[in-house]
Amino acid sequence: MSSIAENLIQVRQQIKSSLEKTDRESSSVMLLAVSKTRPAEDLRQAYAEGQRDFGENYLQESLEKITALQDLDISWHFIGPLQSNKTKAVAENFNWMHTVDRLKIAQRLSDQRPSNLPPLNICVQVNISQEQSKSGVLPSELPELIAKISELPNICVRGLMAIPKATENQKEQQQAFARMQTLLTLLQETHPEMDTLSMGMSGDMDAAIAEGSTIVRIGTAIFGARPAKD
Ligand SMILES: *Cc1c(COP(=O)(O)O)cnc(C)c1O
């Protein structure tokens, strides 16, 4: 068995046991395989093991893989930073966009979504640890932004995404994820269609699942360590 296949089995097992620990339903978390920097062949291997959702960060690289893997029934998620002049390719080629952080991006995605495709699923990225260097909106800016975005016709606001500050401190990690869950719960009062918390990576998926994550974005634990570039 390939190492990607073995890793996938292990990651699925880890998700299952995290869910059991917190009495959550076994199907309540989606595993998103983060395949940035990986060749199309690696994605094909994961696909052969039943993986269908893949996350990509770099537009040009992702478009090459989408073309190379056209014969597969993949659901593509864009999870990287996006300049507003690059929205068209995302609107045309992806099923999900996790990193919306301003109205202009959402507006362009809605305008550019082809009419033969279902609405683009989007998450708004939250700068949950309020780090100067991080993208994402501040929690206080969320209600107004979500209200405006939810009126756009060709996108569907599914929820919130975050990359909390990296820390070895388990408690701090958990608190950041818990704040995300509180934010989503508040927004759900006026936007019941929001059902998604995109949070948790290879190093912190347990904590994220304990605090209500519904999509974990896992790269290293499936495909191995990436080259030093990121
Ligand atoms: C790279 C990346 C991941 C995956 O991180 P790993 O630590 O390799 O699991 C998840 N989310 C985002 C936004 C990323 O850029």
Side-chain angles (χ1 to χ4, degrees), residues 1-16 26-82 86-100 105-106 109-110 112-123 125 154-159 161 163 195-202 205 208-209 213-227 230:
M1 198 187 282
S2 76
S3 64
I4 289 175
E6 283 173 14
N7 291 345
L8 258 178
I9 289 169
Q10 201 160 24
V11 168
R12 287 175 183 147
Q13 188 54 48
Q14 195 178 339
I15 291 171
K16 188 160 166 269
S26 62
S27 60
S28 56
V29 168
M30 175 206 284
L31 171 57
L32 178 62
V34 175
S35 43
K36 63 184 172 209
T37 78
R38 298 290 159 186
E41 199 41 49
D42 285 10
L43 284 75
R44 219 174 255 286
Q45 275 187 38
Y47 188 93
E49 297 304 316
Q51 181 63 35
R52 292 294 177 269
D53 290 84
F54 290 87
E56 290 281 339
N57 294 59
Y58 310 112
L59 192 57
Q60 194 49 45
E61 177 194 323
S62 69
L63 294 176
E64 285 164 22
K65 281 181 238 181
I66 289 172
T67 303
L69 300 172
Q70 257 170 358
D71 56 314
L72 306 183
D73 183 24
I74 288 178
S75 180
W76 294 101
H77 298 237
F78 194 81
I79 62 169
L82 188 68
K86 303 274 175 65
T87 49
K88 188 155 185 274
V90 172
E92 290 177 348
N93 291 284
F94 284 80
N95 304 79
W96 282 78
M97 160 68 177
H98 290 232
T99 50
V100 171
I105 296 269
L109 289 169
S110 179
Q112 294 166 338
R113 183 71 169 169
S115 58
N116 62 323
L117 296 179
L120 178 67
N121 295 302
I122 67 144
C123 291
Q125 184 172 0
N154 304 320
I155 59 180
C156 179
V157 192
R158 294 295 299 272
M161 178 272 201
I163 311 171
D195 59 3
T196 301
L197 277 178
S198 166
M199 59 188 198
M201 319 204 300
S202 296
M205 70 174 127
I209 291 172
S213 168
T214 66
I215 301 183
V216 288
R217 308 180 308 266
I218 309 298
T220 309
I222 296 173
F223 297 108
R226 287 180 294 274
D230 77 15

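Scanning both residues, Trp96 and Ser75, for their nearest heavy atoms gives CD1-OG, 4.2 Å. For the pair Thr196 and Thr214, the tightest heavy-atom approach, listed with the atom from each and the gap, is CA-OG1, 3.3 Å. The two atoms that bring Arg12 and Gly50 nearest to each other are NH2-C, 3.8 Å, heavy atoms only. Shortest non-hydrogen contact noted between Leu117 and Glu92 is CD1-O, 3.8 Å. Across Ser202 and Thr220, no two heavy atoms sit closer than the pair OG-N, 3.5 Å. Nearest approach of Ile105 to Leu82, heavy atoms of both residues: CD1-O, 3.5 Å.
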Might you work through the side-chain contact (heavy atoms from CB on, under 4.5 Å) test for Asp53 and Gln51, ending with a clear yes or no? CA-CA 6 Å; Asp53 290 84; Gln51 181 63 35; 4.1 Å; yes
I'd like to know whether Arg158 forms a side-chain contact (heavy atoms from CB on, under 4.5 Å) with Asp195, so could you lay out the CA-CA distance, the side-chain angles of the two residues, the decisive distance to 0.1 Å, and finally the verdict. CA-CA 6 Å; Arg158 294 295 299 272; Asp195 59 3; 3.0 Å; yes
Working for side-chain contact (heavy atoms from CB on, under 4.5 Å), residues Ile9 and Gln13: CA-CA 6 Å; Ile9 289 169; Gln13 188 54 48; 5.6 Å; no
Let me see the working for Trp76 and Leu69 under side-chain contact (heavy atoms from CB on, under 4.5 Å), right down to the final yes or no. CA-CA 11 Å; Trp76 294 101; Leu69 300 172; 3.9 Å; yes
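Side-chain N or O atoms of Glu41 include none that pairs as donor or acceptor with a backbone N or O of Leu43 at under 3.5 Å. At least one donor-acceptor pair under 3.5 Å links the side chain of Ser110 to the backbone N or O of Asn154. Looking only at distances, no side-chain donor or acceptor of Thr99 sits under 3.5 Å from a matching main-chain atom of Pro81. In terms of modelled atom types and a separation under 3.5 Å, the side chain of Asn121 and the main chain of Cys156 share no donor-acceptor contact. Tyr47 contributes a side-chain N or O that, together with a main-chain N or O of Asp73, makes up a donor-acceptor pair within less than 3.5 Å. Between the side chain of Gln45 and the backbone N or O of Ala5, no donor-acceptor pair lies under 3.5 Å. Side-chain N or O atoms of Arg113 include one that pairs as donor or acceptor with a backbone N or O of Pro118 at under 3.5 Å.
The pair Arg44-Asp71 meets the salt-bridge criterion, with a side-chain N (NZ, NE, NH1 or NH2) lying under 4.0 Å from an Asp/Glu carboxylate O.
Two residues are said to be in side-chain contact when any heavy atoms from C-beta on lie closer than 4.5 Å; Val100 and Val157 fail this criterion. Residues Leu32 and His98 are in side-chain contact: their nearest non-hydrogen atoms beyond the backbone lie under 4.5 Å apart. At least one side-chain heavy atom of Leu59 sits under 4.5 Å from a side-chain heavy atom of Phe94.
Note that the CD1 atom of Ile122 and the CD1 atom of Ile155 stand 4.0 Å from one another [nearest 0.5 Å]. One finds the CD1 atom of Ile218 at 4.0 Å from the CE atom of Met205 (value rounded to the nearest 0.5 Å). Between the OG atom in Ser26 and the CD1 atom in Ile15 there is a gap of 11.5 Å [rounded to 0.5 Å]. Leu120 contributes atom CG, which lies 11.0 Å from atom CG of Asn93 (distance to the nearest 0.5 angstrom). Between the CG atom in Leu8 and the OG atom in Ser3 there is a gap of 10.0 Å [rounded to 0.5 Å]. Note that CE of Met97 is 8.5 Å distant from CD of Gln125, once rounded to the nearest 0.5 Å.
When each of Lys65, Arg217, Lys36 is checked for a salt bridge (charged side-chain N to carboxylate O under 4.0 Å, His left out) with Glu56, only Lys65 meets the rule.
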